Protein chains: 2
Amino acid sequence: MISNKSEIFPAEQQQAAVYAKAISHPARIAILRFLAESKVCITGDITDAIPLGRTTVLQHLQVLKDSELITGDIDGKRVCYCINSDRYDEMKQLFDELLKKINPINCC
Amino acid sequence: MISNKSEIFPAEQQQAAVYAKAISHPARIAILRFLAESKVCITGDITDAIPLGRTTVLQHLQVLKDSELITGDIDGKRVCYCINSDRYDEMKQLFDELLKKINPINCC
DNA sequence: TCTTTATGTCGTAAACATACGACACGAAAT
DNA sequence: ATTTCGTGTCGTATGTTTACGACATAAAGA
């Protein structure tokens, strides 16, 4: 990459892109759904639920944490991963606005 | 990548991930918005509207075409890019379903 | 104490993404 | 006829992602 020109786009578009990237892998969608379904904040159980190696799952968790869509706080000895509902709501709103703004017209 | 294990996830999650990836770059969001705003199917005008090199924009257009969110048909001598409203609606629906399914609970 | 379990870090290979210049080519303008 | 314009392809450098094994470590259990 010769230069990162991402900074030239509006902040709201950039943030939408960040969230889109976070959910741009089936494993990460699966992780989010798993976290939402298991009302309890689980830890390495995620590894059992997702058909990928432990390290890979951990890596996907890290990507989600980087996007701030989830938190991973140490709760005693176990790590408690859960969805950051503020950020999750922000994502929903950004997507909603974005998708509303884009009104496709079939022209060809 | 040692293996592509994506096929082990449900089709609907995979498709959502494909669309998310398509819009996971600010330039591609900008392109979609530009296509939606310019009611007419434009061609290389996109290059002028997006602050990136012509080849890079073409590449982003190709990514969007691969996701089938846009079409790029040759219309006489000019190429007519426009949003594929069927796919766009499918994306909206998939995102909507997905985001509805995931109900975050702050637990930590 | 020794082992197992849960967790995490590090390294690394292969693939993919991003950005762009150089070149090609046909149609339109001069 | 020659140049320019719109379009596209190819190559290529660099960075990021995905996947996973190997190792580290601290607490729990035998």
Side-chain angles (χ1 to χ4, degrees), chain A residues 1-9 13-14 17-31 38 40-67 69-82 108, chain B residues 1-9 13-14 17-31 38 40-67 69-82 108:
Chain A
M1 209 180 295
I2 286 154
S3 70
N4 184 349
K5 294 199 167 175
S6 296
E7 67 277 354
I8 53 196
F9 295 101
Q13 274 177 37
Q14 282 190 64
V18 165
Y19 288 136
K21 197 165 207 170
I23 62 163
S24 73
H25 193 286
R28 291 198 287 272
I29 294 180
I31 289 170
S38 47
V40 191
C41 286
I42 28 59
T43 60
D45 303 331
I46 300 168
T47 301
D48 301 332
I50 309 291
L52 286 169
R54 198 179 57 87
T55 319
T56 307
V57 171
L58 212 61
Q59 206 170 242
H60 283 303
L61 282 167
Q62 195 54 53
V63 173
L64 287 169
K65 269 172 80 174
D66 288 347
S67 79
L69 276 177
I70 68 167
T71 57
D73 304 307
I74 291 152
D75 173 24
K77 50 199 163 191
R78 311 206 140 203
V79 176
C80 166
Y81 289 103
C82 66
C108 307
Chain B
M1 211 181 296
I2 286 155
S3 70
N4 185 349
K5 294 200 166 175
S6 296
E7 67 277 357
I8 54 195
F9 295 102
Q13 274 177 37
Q14 283 190 62
V18 164
Y19 288 137
K21 198 166 205 169
I23 62 164
S24 73
H25 194 287
R28 291 197 288 270
I29 295 180
I31 289 170
S38 45
V40 191
C41 286
I42 27 62
T43 61
D45 303 329
I46 299 168
T47 301
D48 301 332
I50 309 292
L52 287 169
R54 198 181 57 89
T55 320
T56 307
V57 172
L58 213 60
Q59 204 170 244
H60 283 303
L61 282 167
Q62 195 54 53
V63 173
L64 287 169
K65 267 172 82 175
D66 288 346
S67 78
L69 276 176
I70 68 167
T71 57
D73 305 307
I74 292 152
D75 173 24
K77 49 201 165 189
R78 313 207 139 202
V79 176
C80 166
Y81 288 103
C82 67
C108 308

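It should be emphasised that the depicted structure is a prediction, and the values quoted were computed from it without experimental measurement. Throughout, protein chains are lettered first and strands after them, A, B, ... in sequence-line order, and every chain is numbered starting at 1.
Minimum atom distance to the side chain of Lys21(A) is reached by dT16(D), of the listed dG8(D), dT16(D), dC20(D). Nearest to the side-chain atoms of Leu52(B) among the listed nucleotides dT9(D), dA19(C), dC20(D) stands dA19(C). Residue His25(B) has its side chain nearest to dT18(C) when only dT18(C), dC16(C), dG8(C) are considered. For Thr55(A), taking side-chain heavy atoms from C-beta onward, the closest of the listed nucleotides dT18(D), dC20(C), dG21(D) is dG21(D).
In this structure, CG in Leu64(A) is found 6.5 Å from CG in Leu69(A), a value given to the nearest 0.5 Å. In this structure, Ser24(A) OG and Ile23(B) CD1 are separated by 10.0 Å, a value rounded to the nearest 0.5 Å.
Looking at heavy atoms from C-beta onward, Phe9(A) lies out of side-chain contact with Ile29(B) at the 4.5 angstrom threshold.
Place Ala27(A) and Gln62(B) on DNA chain D by their nearest nucleotides, and Gln62(B) ends up nearer the 5' end.
The CD1-P distance, from Ile31(A) to dT17(D), rounds to 15 Å in whole Å. In this structure, CD of Gln59(A) is placed 13 Å from C1' of dG8(C), rounded to the nearest angstrom. Atom CG in Leu58(B) sits roughly 18 Å away from atom P in dC23(C) (whole-Å rounding). Distance Ile46(A) CD1 to dA6(C) C1': 13 Å, rounded to the nearest Å. The distance from atom CG of Leu61(B) to atom P of dT18(C) is 13 Å, rounded to the nearest whole Å.
For the side chain to side chain contact (heavy atoms under 4.5 Å, CB included) test, residues two or more places apart in sequence or in another chain that qualify with Leu58(A) are Leu61(A), Tyr81(A).
Between His60(A) and dA19(D), a side-chain N or O to OP1/OP2 separation shorter than 4.0 Å is present. A sub-4.0 Å separation between OP1 or OP2 of dC20(D) and a side-chain N or O of Thr56(A) is present. Side-chain nitrogen and oxygen atoms of Arg28(A) include at least one within less than 4.0 Å of the OP1 or OP2 phosphate oxygen of dT18(D). Put simply, Tyr81(A) has a side-chain N or O that comes within less than 4.0 Å of OP1 or OP2 on dG8(C).
Between the side chain of Arg54(A) and the base of dG8(C) there is at least one donor-acceptor pair of N/O atoms closer than 3.5 Å.
Applying the side-chain hydrogen bond (donor to acceptor under 3.5 Å, both in side chains) test to pairs two or more places apart or on separate chains, those with a residue in residues 46-60 of chain A are Arg28(A)-His60(A).
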